[in-house]
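Everything on this sheet refers to the single structure shown next.
Treat the numbers as computed from the prediction; the structure is a model and nothing was measured.
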Amino acid sequence: MIRWVFLFLVIALISAVFGFGGIAGAAASIAKIIFYLFAVLFVISIVANIIKR
């Protein structure tokens with residue numbers, strides 16, 4: 001999932017360099033959403049692992 005975040009981040013940076021502001025903004029917001037989703041799932045898996053023990 002982190003791979004997707006980096007992919008969209010690179011797309012956002014490259015499109016911002018070439019002047020495509022709309023695409024850069026959309027890719028950056030998608031990367032942000034996926035990163036927050038990853039962070040929430042990571043915390044849930046840590047808590048589930050602690051409770052399981």
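- Of the residues listed (Ile51, Ile50, Asn49), the one engaging Val47 in a side chain to side chain contact (heavy atoms under 4.5 Å, CB included) is Ile51, and it is the only one.
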Check residues 15-39 and write down every donor-acceptor pair under 3.5 Å in which the side-chain atom is one partner and the other belongs to a residue at least two apart or another chain.
residue: Ser15; atom: OG; partner: Ile11; partner atom: O; Å: 2.9
residue: Ser15; atom: OG; partner: Ala12; partner atom: O; Å: 3.1
residue: Ser15; atom: OG; partner: Ala24; partner atom: N; Å: 3.3
residue: Ser29; atom: OG; partner: Gly25; partner atom: O; Å: 2.7
residue: Ser29; atom: OG; partner: Ala26; partner atom: O; Å: 3.2

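- Considering CG of Leu9 and CD1 of Ile14, their distance stands at 10.0 Å, rounded to 0.5 Å.
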